[in-house]
A.B. asks: 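Okay, handing you the structure first.
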Amino acid sequence: MKKLTISILLSLMASLSVLANEIDIDSIYLDEVTVMASSRPKQVILPQRLSGSELHTLSALNVADALRYFSGVQLKDYGGVGGIKTIDIRSMGSQHVGVYYNGIQIGNAQNGVVDLGKFAMDELEAIELYHGQKSDIFQSAREMGNAGSIYLQSRKPYFAQGERIHTRASMRTGSFGLANPSVSLDINLSPSILTSQHSTLNTQHSLFLTMSASYLRSDGQYPFRYRRLTPSGSVAYDTTAYRHNSDIQAVRAEIGLHHYYSASGYWRLQGYTYWSERGVPGAIVNNVWSNGERLEDRNSFAQFQWQDNFFHRYHIRLLAKYANDYTHYRNLDTRTLPTNNTYLQQEVYASLIQQVNILPSWDISVAYDLQYNDLTRQQGISGLRSSPKEHYNRWSHFCSIATAFNVQSYLRVQASALLTHINSNTKLTPAVFVSLSPLASLSSPYAKALTINAFYKHSYRYPTFNDLYYTDVGNAALRPELARQASVGLRYDIPLSSSSSSSTSTSASSSSSFLMTLDYYHNRVTDKIIAFPKGQQFRWAMLNLGEVLINGIDASVGATIRLPLRFSLTPRVQYTYQQAIDVTSPNDSYYRHQIPYIPHHSVSAVSGLSYQSRRADSYGLNYSFIYVGERYSQQENIPANYVPAWTSHDLTIYGEWNIQTIRLHAQLEINNLAGTDYEVIMNYPMPQTSFRATLSIIY
Amino acid sequence: MKKNHFFLIPLFLVSCHELPVSVPSNQQQTAGDPGSTYATMYVLNEGNWGANKASIDMLDLNSGIYTTNLYPERNPNVVKELGDCGSDIAAYGGRIYAVINNSHKVEVLTPSIHRIAQVDIPTPRYIAFHDNIAYITSYVSRTNTPNIGAIYAVDTASLCVIDTAFVGPQPDELIVRDSVIYCTCSGGYNYPNYDSTISVVNRTTMHEVRKIIVGINPIRIRQDQQGRLWVLCSGNYADVSPSIVVLENEQIIHRFDVNASNMAICGDTLYYVGTYPNTYGRIRISSLELIPDCWITDGSDKDIQTPYGLLVNPSTRTIYITDAVNYTSSGRLYGYNQQGQRILSATTGDVPAHLTLY
């Protein structure tokens with residue numbers, strides 16, 4: 001109590017630079033060159049973010065691994081390199097999460113879930129997590145349609161003065177027969193090379209070409225151990241086996257052309273393709289230690305974005321995308337149904353976003369998005385039949401109107417409304433974001449650093465093609481599932497020394513800072529779409545049945561601390577409490593029980609110690625820790641469904657050396673240091689201790 | 001000080017790492033079934049696909065004590081317990097046989113649920129016995145072609161597979177007689193084009209000798225005291241509704257178009273249950289008379305969500321019915337007397353489905 005009073009008193013001594021600092025950070029955050037005419041920061045509530053060296057020195061092979069360090073997130077991981085990985089934000093379900101790659105959503109109209117294990121870290125510069133939506137009104141209408149969003153931002157090219165070509169090659173190897181080479185090549189095609197690393201924001205007339213490719217293979221064979229104790233404490237059984245059918249091969253290639261043609265105008269064209277063939281590691285059940293499901297995926301897309309502003313008041317952005325996704329699923333286990341299914345999906349998407357600054361402190365925007373999806377499905381049984389191709393398509397329209405204003409530097413408000421028309425179903429969803437800096441007028445940075453924010457939002461999860469048309473199961477009368485969120489939070493973000501450092505800088509941060517956040521949220525999901533078995537022979541029906549009530553707290557504390565002798569320390573701890581209970585019907589035996597796979601408590605911590613030499617060589621040690629509390633695998637919170645808590649300790653050691661014009665980066669990761677045997681999903685064992693080593697050369 | 005606390009959390013949590021404990025059995029007191037000549041009823045709970053939650057519950061008919069999840073406690077050393085997706089349970093020759101579909105085995109147990117042996121059978125479905133041989137239907141024949149099912153013959157003394165017969169696709173329930181085996185062929189893999197036959201297998205040669213067309217998607221078969229066969233055809237869940245077909249000398253003598261998903265015969269009465277909507281009906285066997293009125297008379301059918309398993313105790317004529325509820329949570333077992341009044345209830349494992357008396 002005393003402490004709280006002191007901090008409030010401290011806060012009362014004030015100054016003005018935090019907002020300015022936030023603006024600065026924002027403009028680096030966003031993949032844009034436009035500097036807004038108003039002095040208003042773009043986002044009302046800042047996202048959770050991992051970027052730069054903090055991101056790359058995490059012990060993480062893919063985006064899913066990195067997302068474990070965000071608060072309010074639960075990862076569903078079926079184990080190993082090839083196991084499917086999806087996330088759930090604030091317990092609302094994976095299908096409420098939107099995943100955006102360079103600002104455009106990655107869709108999956110078939111099942112509505114994006115496998116985050118597919119996205120490698122090499123080419124990423126930042127990962128951001130927004131609760132509700134990105135609270136920036138200059139965004140596409142579709143971006144306002146999710147209950148939570150993840151933004152993956154690919155690496156932007158940086159050229160030293162006079163540099164034309166920038167190359168990077170890396171090789172990663174490690175446990176489970178991992179081999180993962182990758183290369184990238186950036187070419188500066190600008191007529192005059194004036195750009196430098198720190199001036200990209202205001203660069204005029206620069207044209208870059210970026211290319212990258214990677215290959216990944218892993219045999220996925222790892223030992224796992226099942227131990228059970230009897231209720232009296234003696235060992236019931238203790239067995240070790242190898243995970244089979246968890247192998248993967250994947251190839252990824254990307255190309256991008258970026259043109260900054262004026263102080264405000266910019267366009268980018270991007271192509272992406274990914275192919276993988278993998279085993280789907282099945283459930284380990286009695287008498288079954290391997291299975292035969294195989295999955296081949298091919299995901300390709302091309303996307304374009306252009307933006308500019310005119311008359312200092314009018315901003316325009318255009319987005320367009322074509323995506324083509326192919327999935328081939330086979331079950332080769334001769335003891336079970338020899339399924340052989342192919343799915344081909346296409347998506348065409350376009351969005352026009354316009355924003356006008358009415359007054360320096362007041363903006364409005366409108367956006368319209370049009371989306372076409374189709375799915376061609378052919379389901380068969382090897383050796384028995386091949387069904388005719390089935391074809392489904394749908395048009396979706398999204399239209400949004402949004403406004404944002406601020407009252408001096410105290411209050412920032414954003415309100416938006418999204419009109420969605422899908423499957424002849426029209427829904428209007430509102431969202432309001434508010435941020436209050438009560439002490440913004442004081443001169444003390446300690447006072448200014450405090451913001452109070454809140455949001456309220458509705459969003460719908462639309463039935464996927466699978467929900468609607470799954471053989472004998474689909475229910476074309478399904479309604480969309482509604483999530484209502486209310487959240488209120490505190491953010492205390494203070495730079496402890498004057499110069500604000502770019503978080504995209506790959507070198508150790510040169511200033512100290514402290515960030516503390518605390519959020520409380522209350523969500524309600526209604527009309528939840530669930531699969532309900534219908535009669536004998538496990539015939540499932542999709543129904544709008546289910547209501548979930550969620551109360552949660554996310555808390556985080558992080559700091560960057562400059563130590564003597566060019567050392568710096570970056571501790572960061574997050575804690576999440578979630579009560580997510582099923583309130584469908586008081587007649588259910590699981591009424592008010594915690595929903596499956598949502599722990600009450602989860603904690604993650606990352607502590608980095610880095611050292612930078614006078615020659616700008618750097619060395620670092622990164623320790624991370626994850627704790628996920630006990631959960632239940634099914635609706636009833638009974639001993640038969642109990643999934644124990646697990647912890648994982650990971651360690652990364654890295655060094656980076658400058659040798660003439662070459663930078664060399666070497667990194668060693670040790671995952672699950674204690675060799676804990678655990679499961680994220682019941683009967684899907686996770687690997688014990690594993691290693692990864694990476695060597696990168698940047699020229 | 002506050003910060004120090006935060007950094008202690010990891011250390012605290014490391015020390016807390018717990019080893020999983022196998023799920024203990026649990027007892028409930030029920031009214032039992034006094035006067036029964038059988039001492040015990042076993043309930044096999046299917047559990048969800050991939051959940052490894054098949055379990056065996058036991059009702060002591062005299063004392064009324066209902067014990068759930070006996071297997072892990074009686075067989076603590078069996079890795080990953082009873083297995084995935086219970087499919088059938090039966091008593092024969094002083095032993096209990098539990099068919100575990102997705103663990104690809106038949107578990108042979110003592111009446112106290114101690115393991116005697118495990119017999120590996122791929123994707124087994126139902127079990128029946130004759131002359132000390134266990135016959136097990138399987139969706140997988142040796143040829144690995146999904147349009148041919150199999151019946152495995154297992155010698156109950158040696159517990160070895162001694163023969164295999166190839167039958168129609170995805171065979172489910174079966175009746176074994178001296179000379180022949182009748183087995184329902186559902187063709188469930190080939191939806192919506194289900195099979196509609198019964199395979200007749202010569203028990204000596206173990207060859208399919210003929211097929212009898214009965215109706216779409218036959219899954220259950222019973223015989224009455226006159227030796228007639230009663231076959232439940234599930235229909236195609238679209239335009240063809242379920243029906244119960246009566247066969248005499250392999251000829252169809254009657255077809256009842258009733259909403260049935262399970263049936264049980266006791267004396268001159270066949271009881272059936274169905275879902276969508278929930279149905280509890282009867283057929284007078286000797287007169288082939290349908291009595292569609294709900295045989296539950298005390299109104300307690302209102303709290304049965306999904307009628308699933310069905311068995312009548314011939315010695316007391318108590319009717320046992322299980323409720324699979326939503327298939328993803330604990331089910332219920334109910335007992336009804338001949339007047340249709342509930343006399344027993346218990347909470348079971350997930351998806352209680354198969355019942356047997358011993």
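So you know, we letter chains A, B, ... as the sequences are listed, proteins then strands, and number each from 1.
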A.B. asks: Side chains of Y590(A) and Q634(A): is there a donor and an acceptor less than 3.5 Å apart?
C.D. replies: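 Judged by distance alone, the side chains do not pair up.
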
A.B. asks: Parallel, tilted or perpendicular: which describes the rings of F514(A) and Y492(A), with under 30° parallel and over 60° perpendicular?
C.D. replies: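 If you compare the ring of F514(A) with that of Y492(A), the planes turn out perpendicular.
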
A.B. asks: If we ignore angles and hydrogens, is there a donor and acceptor under 3.5 Å between the side chains of S624(A) and Y69(A)?
C.D. replies: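 The criterion, which ignores hydrogens and geometry beyond distance, is satisfied for Y69(A) and S624(A).
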
A.B. asks: May I ask you to decide if the ring planes of Y623(A) and H649(A) are parallel, tilted or perpendicular, using 30° and 60° as cut-offs?
C.D. replies: parallel

A.B. asks: Using non-hydrogen atoms and a 4.5 Å limit, figure out which bit of I638(A) sits close to chain B: side chain, backbone, both or neither.
C.D. replies: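 I638(A) touches chain B through side-chain heavy atoms alone.
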
A.B. asks: Of the listed residues (G50(B), P169(B), G349(B)), which shares the most heavy-atom pairs with chain A below a 4.5 Å separation?
C.D. replies: G50(B)

A.B. asks: Taking every heavy-atom pair that is under 4.5 Å apart, which of A54(B), G83(B), S103(B) has the most such pairs with chain A?
C.D. replies: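 Among A54(B), G83(B), S103(B), the one with the most close pairs to chain A is S103(B).
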
A.B. asks: Are side-chain N/O atoms of D677(A) and Q688(A) paired as donor and acceptor at under 3.5 Å?
C.D. replies: yes

A.B. asks: For each of D120(B), N190(B), V23(B), D84(B), tally heavy-atom pairs with chain A at distances under 4.5 Å, and name the one with the top tally.
C.D. replies: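 The answer is N190(B).
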
A.B. asks: Could you look at N102(B) and say if it's the side chain, the backbone, both or neither that has a heavy atom under 4.5 Å from chain A?
C.D. replies: both

A.B. asks: Could you check whether the rings of Y327(B) and Y308(B) sit parallel, tilted or perpendicular, using 30° and 60° as the cut-offs?
C.D. replies: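 Ring orientation of Y327(B) relative to Y308(B): perpendicular.
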
A.B. asks: Which residues satisfy the salt bridge (charged side-chain N to carboxylate O under 4.0 Å, His left out) test with E547(A), sequence neighbours excluded?
C.D. replies: R524(A)

A.B. asks: Consider ring pair (Phe, Tyr, Trp, His ring centres under 6.0 Å). Of Y597(A), Y78(A), Y678(A), Y226(A), which one does Y684(A) pass it with?
C.D. replies: Y78(A)

A.B. asks: Quick one: what part of L82(B) sits under 4.5 Å from any heavy atom of chain A, side chain, backbone, both or neither?
C.D. replies: backbone

A.B. asks: What part of Q170(B) gets within 4.5 angstrom of chain A, counting heavy atoms only: side chain, backbone, both, or neither?
C.D. replies: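 For Q170(B), no heavy atom lies under 4.5 Å from chain A.
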
A.B. asks: With chain A as the partner, which of N75(B), T68(B), V78(B) has the greatest number of non-hydrogen pairs under 4.5 Å?
C.D. replies: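 Sorted descending by pairs with chain A, the first entry is V78(B).
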
A.B. asks: Does any heavy atom of chain A fall under 4.5 Å from the side chain of A51(B), the backbone, both, or neither of them?
C.D. replies: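 It is both, since atoms from each part get that close.
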
A.B. asks: Of all residues at least two apart in sequence or in a different chain, which pass the salt bridge (charged side-chain N to carboxylate O under 4.0 Å, His left out) check with R68(A)?
C.D. replies: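 Listed in chain order: D650(A).
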
A.B. asks: Pick whichever of P24(B), S330(B), P122(B) has the most heavy-atom pairs under 4.5 Å with chain A.
C.D. replies: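 The candidate making the most pairs under 4.5 Å is S330(B).
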
A.B. asks: So for S589(A), is it side chain, backbone, both, or neither that comes closer than 4.5 Å to the heavy atoms of chain B?
C.D. replies: side chain

A.B. asks: With a 4.5 angstrom heavy-atom cut-off, could you sort out which part of Y642(A) is near chain B: side chain, backbone, both or neither?
C.D. replies: side chain

A.B. asks: Given a strict heavy-atom distance threshold of 4.5 Å, which part of D303(B) is in contact with chain A: side chain, backbone, both, or neither?
C.D. replies: neither

A.B. asks: Where does T239(A) contact chain B at under 4.5 Å (heavy atoms): side chain, backbone, both or neither?
C.D. replies: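 For T239(A), the side chain is the part near chain B, not the backbone.
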
